[in-house]
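Below is one structure; the comments refer to it alone.
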Amino acid sequence: MENKNYTELSSLGEFGLIDHLTRHIELKNKSTLKGVGDDAAVLDYGEKKILMSTDMLIQGVHFDLTYTPLKHLGYKAVASNVSDICAMNGIPRQITVSLAVSNHFSVESIEELYAGIYLACDRYGVDLVGGDTTSSKTGMCISITILGEAYAEDIVYRNTAKENQLLCVSGDLGAAYMGLQLLEREKAVFAGQPENSQPDFTGYEYILERQLKPEARIDIIKLLKEKNIRPTAMIDISDGLASEIMHICKASQVGCTIYEEKIPIDYQTYKMAEELNLNATVCALSGGEDYELLFTAPLDLYDKLTALESVSVIGHTCKASAGYTLITRDGNSFELKAQGWVNFNKPETKD
């Protein structure tokens with residue numbers, strides 16, 4: 001019998017589905033300061049507030065074991081969660097790891113995965129305090145929940161940007177996406193080749209590392225604190241710069257203008273984009289998994305921020321009625337659109 005109320009997930013997308021499922025949530029506990037709608041929840045259990053976030057990685061959706069070493073995968077799974085705590089201006093403390101695997105995997109392969117998890121825990125000063133394991137009919141699923149902490153006055157949300165503030169990013173953008181495109185290209189080229197055949201990645205080490213072993217920018221959080229710079233709003237760049245800018249603007253009810261020439265892009269990203277006949281700026285705007293920080297700050301901090309080697313001022317906020325604008329290198333204006341990673345695409349339309 002046909003279900004007349006059937007709604008395809010692709011009609012909502014990831015964030016639309018989240019909004020749909022959580023729109024009627026009513027917080028019942030005084031200890032819940034912030035629930036759904038930011039990079040992490042905020043819980044009140046004393047002088048410092050508890051930050052909590054969770055992330056899930058699915059084989060065939062978020063990672064391809066054809067070219068992703070299990071040790072790198074474990075490290076990346078932790079780093080992506082640490083990045084959420086950084087985006088709240090907090091310090092990561094503990095994680096739990098839940099893992100579903102098929103019997104295709106050996107004990108040794110799972111040990112490799114956990115070697116990467118432990119390496120990331122050491123890197124970020126995080127304790128692994130629990131989790132769960134279960135069987136899977138096909139492939140692997142990794143789910144990590146992370147706890148962090150921060151004083152209430154230090155926590156930075158997405159919805160607290162104001163008009164006429166600076167838009168800033170850490171590091172450079174688009175490299176992780178270019179690394180993925182390189183890996184996908186080589187996978188196709190070497191399909192059916194002898195097992196000992198190996199691609200030559202000389203000259204592309206940086207973009208590969210950005211894809212396979214990204215780093216959460218806890219160093220930027222520490223640097224900003226050292227310089228007495230407190231962002232007014234912040235988010236991490238996991239789904240593409242344009243998408244994350246619009247998350248902040250929508251949550252804060254402001255518009256924005258960003259400048260193409262100010263977007264930081266590494267040489268290897270430009271080089272790979274040229275090889276693939278792609279526009280490097282589009283890759284920086286729409287490519288995901290950079291795990292850099294995007295934040296807003298008052299105009300009077302411009303000199304301080306531009307003096308920091310690892311931070312770029314790429315634009316400013318404005319009235320919401322002005323919308324979202326990209327100014328190109330030749331001075332043309334275009335509406336900024338989010339075209340990054342989208343979950344729940346129809347199978348026939350998914351890349």
Side-chain angles (χ1 to χ4, degrees), residues 3 6-18 20-21 53-84 95-121 128 130-146 176-177 179-199 208 210-214 238-239 287-289 291 340-351:
N3 184 353
Y6 180 83
T7 303
E8 292 187 347
L9 290 174
S10 59
S11 68
L12 294 179
E14 177 186 2
F15 300 109
L17 179 63
I18 292 172
H20 180 75
L21 295 176
S53 183
T54 191
D55 198 14
M56 185 181 297
L57 299 176
I58 307 293
Q59 184 177 349
V61 177
H62 301 104
F63 61 90
D64 186 336
L65 291 180
T66 304
Y67 50 70
T68 305
L70 285 166
K71 187 173 182 179
H72 287 69
L73 177 62
Y75 190 98
K76 183 175 182 177
V78 176
S80 65
N81 278 268
V82 170
S83 184
D84 282 335
I95 62 168
T96 63
V97 178
S98 294
L99 180 67
V101 290
S102 70
N103 58 12
H104 166 76
F105 294 92
S106 65
V107 171
E108 289 75 18
S109 63
I110 303 306
E111 286 176 343
E112 272 293 292
L113 177 74
Y114 269 77
I117 290 173
Y118 292 137
L119 182 63
C121 286
L128 198 166
D132 189 22
T133 57
T134 188
S135 60
S136 168
K137 292 291 186 181
T138 58
M140 174 184 290
C141 172
I142 309 167
S143 179
I144 293 182
T145 296
I146 188 166
Y177 179 71
L180 177 62
Q181 297 312 303
L182 174 59
L183 289 166
E184 287 286 352
R185 184 186 72 177
E186 296 306 303
K187 175 185 175 181
V189 169
F190 281 81
Q193 297 292 322
E195 288 187 11
N196 59 353
S197 299
Q198 293 293 328
L208 288 175
R210 292 280 282 176
Q211 169 57 218
L212 296 174
K213 186 178 173 288
S238 57
D239 297 313
E289 297 191 302
Y291 299 109
W341 169 256
V342 178
N343 282 315
F344 308 121
N345 278 340
K346 297 179 181 180
E348 64 269 25
T349 61
K350 187 175 180 180
D351 292 336

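- Contact check for H104 versus M140: no side-chain heavy atoms found under the 4.5 Å cut-off.
- Between the OG atom of S238 and the CG atom of D84 there is a distance of 7.0 Å, given to the nearest 0.5 Å.
- Atom CD1 in I95 sits 7.0 Å away from atom CD1 in I146 (nearest 0.5 Å).
- Between E289 and A176 the shortest heavy-atom distance is O-CB, 3.4 Å.
- Taking all atoms of both residues into account, the shortest heavy-atom contact from P214 to A79 is O-CB, 3.6 Å.
- Contact detail for A77 and I142: the closest heavy-atom pair is CB-CG2, 4.4 Å.
- Using modelled atom types, one side-chain atom of T54 and one backbone atom of I144 make a donor-acceptor pair closer than 3.5 Å.
- Rounding to the nearest 0.5 angstrom, the gap separating the OH atom in Y75 from the SG atom in C121 is 10.0 Å.
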Please step through side-chain contact (heavy atoms from CB on, under 4.5 Å) for the pair L212 and L183, ending with a clear verdict.
-> CA-CA 10 Å; L212 296 174; L183 289 166; 3.9 Å; yes
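- Between L73 and L65, some side-chain heavy-atom pair lies under the 4.5 Å cut-off.
- Put simply, NZ on K71 and CG on L113 are 11.5 Å apart, with the number rounded to the nearest 0.5 Å.
- Contact of the Y67 side chain with the E186 side chain is not registered, since no non-hydrogen atoms from C-beta on lie closer than 4.5 Å.
- Nearest heavy-atom pair across S135 and A100 is O-CB, 4.4 Å.
- In terms of modelled atom types and a separation under 3.5 Å, the side chain of T68 and the main chain of D64 share a donor-acceptor contact.
- The side-chain heavy atoms of S106 and S109, taken from C-beta on, include a pair separated by under 4.5 Å.
- Put simply, NE2 on H62 and SG on C141 are 9.0 Å apart, with the number rounded to the nearest 0.5 Å.
- A distance of 9.5 Å separates CG of N103 from NZ of K137, quoted to the nearest 0.5 Å.
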